[in-house]
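As the structure is a prediction and not an experimental result, all values here were calculated from the model.
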Amino acid sequence: MSVTDGTNGHPVDGLPVRLERFGLDHWQQVWNGITDAEGRSGCSVDREDAQRPLQLTLETDRYFATLGVRPFYSRITVSFAVGGTLDRHEVPIVVNPGGYTVHSVRI
């Protein structure tokens with residue numbers, strides 16, 4: 001996963017990110033961390049997690065507060081399914097104070 005600030009084109013450094021999988025009836029955290037200077041996280045999915053629905057949550061409030069901006073989306077959650085494969089995917093996310101864009105690229 002990589003996060004870019006769409007207002008300036010720079011990687012988002014220090015953004016809290018959480019990965020969760022859906023269990024029997026609730027979401028369970030499997031990873032959390034922060035993006036690095038390149039806007040990347042070390043987030044990965046193992047075989048067991050790839051069988052279940054997943055979601056990434058980005059806590060954008062803190063990042064935009066450092067810029068003196070209040071975002072419309074204070075938290076961005078992206079739900080997805082890998083489909084049981086362990087193919088590598090890059091998930092580029094572009095954030096700005098008024099919205100975000102997400103897509104997946106198989107690598």
Side-chain angles (χ1 to χ4, degrees):
M1 182 202 65
S2 63
V3 184
T4 303
D5 184 330
T7 59
N8 61 27
H10 296 150
V12 175
D13 186 10
L15 184 73
V17 179
R18 181 175 64 248
L19 175 69
E20 297 170 296
R21 69 177 179 202
F22 195 74
L24 297 174
D25 61 353
H26 64 281
W27 291 100
Q28 303 167 325
Q29 182 174 297
V30 295
W31 181 90
N32 72 33
I34 60 169
T35 56
D36 63 17
E38 295 180 354
R40 297 185 177 278
S41 72
C43 182
S44 63
V45 176
D46 65 22
R47 187 170 301 281
E48 179 184 344
D49 293 336
Q51 305 297 320
R52 300 176 183 203
L54 299 163
Q55 69 181 16
L56 280 169
T57 301
L58 290 71
E59 301 290 342
T60 58
D61 256 354
R62 287 187 201 172
Y63 170 72
F64 285 112
T66 66
L67 302 176
V69 176
R70 182 178 169 105
F72 184 76
Y73 297 102
S74 61
R75 176 180 296 130
I76 297 169
T77 300
V78 179
S79 299
F80 62 98
V82 178
T85 71
L86 288 181
D87 294 343
R88 291 198 50 166
H89 293 265
E90 174 67 23
V91 181
I93 302 172
V94 178
V95 298
N96 64 62
Y100 61 96
T101 303
V102 179
H103 66 276
S104 171
V105 178
R106 187 176 293 176
I107 54 175

Does some side-chain heavy atom of R70 sit less than 4.5 Å from a side-chain heavy atom of P97? no

Could you check if a side-chain atom of V95 sits within less than 4.5 angstrom of a side-chain atom of I76, using non-hydrogen atoms only? yes

Look up atom [atom1] in [X] and atom [atom2] in [Y], then write down how far apart they are to the nearest 0.5 Å.
X: F64; Y: F72; atom1: CZ; atom2: CZ; answer: 13.0 Å
X: W27; Y: R18; atom1: CH2; atom2: CZ; answer: 11.0 Å
X: E38; Y: H10; atom1: CD; atom2: NE2; answer: 13.5 Å
X: R40; Y: D13; atom1: CZ; atom2: CG; answer: 13.0 Å
X: I34; Y: Y63; atom1: CD1; atom2: OH; answer: 13.5 Å
X: N96; Y: D5; atom1: CG; atom2: CG; answer: 7.5 Å

Please tell me whether V78 and F22 are part of a single hydrophobic cluster in this structure, the criterion being side-chain heavy atoms less than 4.5 Å apart. no

Do you reckon V94 sits in the same ILVMFWY cluster as V17, going by side-chain contacts under 4.5 Å, direct or chained? no

Is there a donor-acceptor pair under 3.5 Å between the side chain of S41 and the backbone N or O of T35? no

Taking atom CZ of F80 as the centre, report whether more than 12 heavy atoms of other residues, nucleotides or ligands fall under 6.0 Å from it. yes

Can you confirm whether more than 12 heavy atoms, excluding those of Q28, are under 6.0 Å from its CD atom? yes

Show the nearest heavy-atom pair for residues P11 and G39, with the distance to one decimal. CB-N, 3.5 Å

All N/O donor-acceptor pairs, side-chain side in residues 52-62, below 3.5 Å, sequence neighbours left out:
from: Q55; atom 1: NE2; to: E20; atom 2: OE1; distance (Å): 2.7
from: T57; atom 1: OG1; to: T77; atom 2: OG1; distance (Å): 3.4
from: E59; atom 1: OE1; to: R75; atom 2: NE; distance (Å): 3.2
from: E59; atom 1: OE2; to: R75; atom 2: NE; distance (Å): 2.9
from: T60; atom 1: OG1; to: Y73; atom 2: O; distance (Å): 2.5
from: T60; atom 1: OG1; to: S74; atom 2: O; distance (Å): 3.0

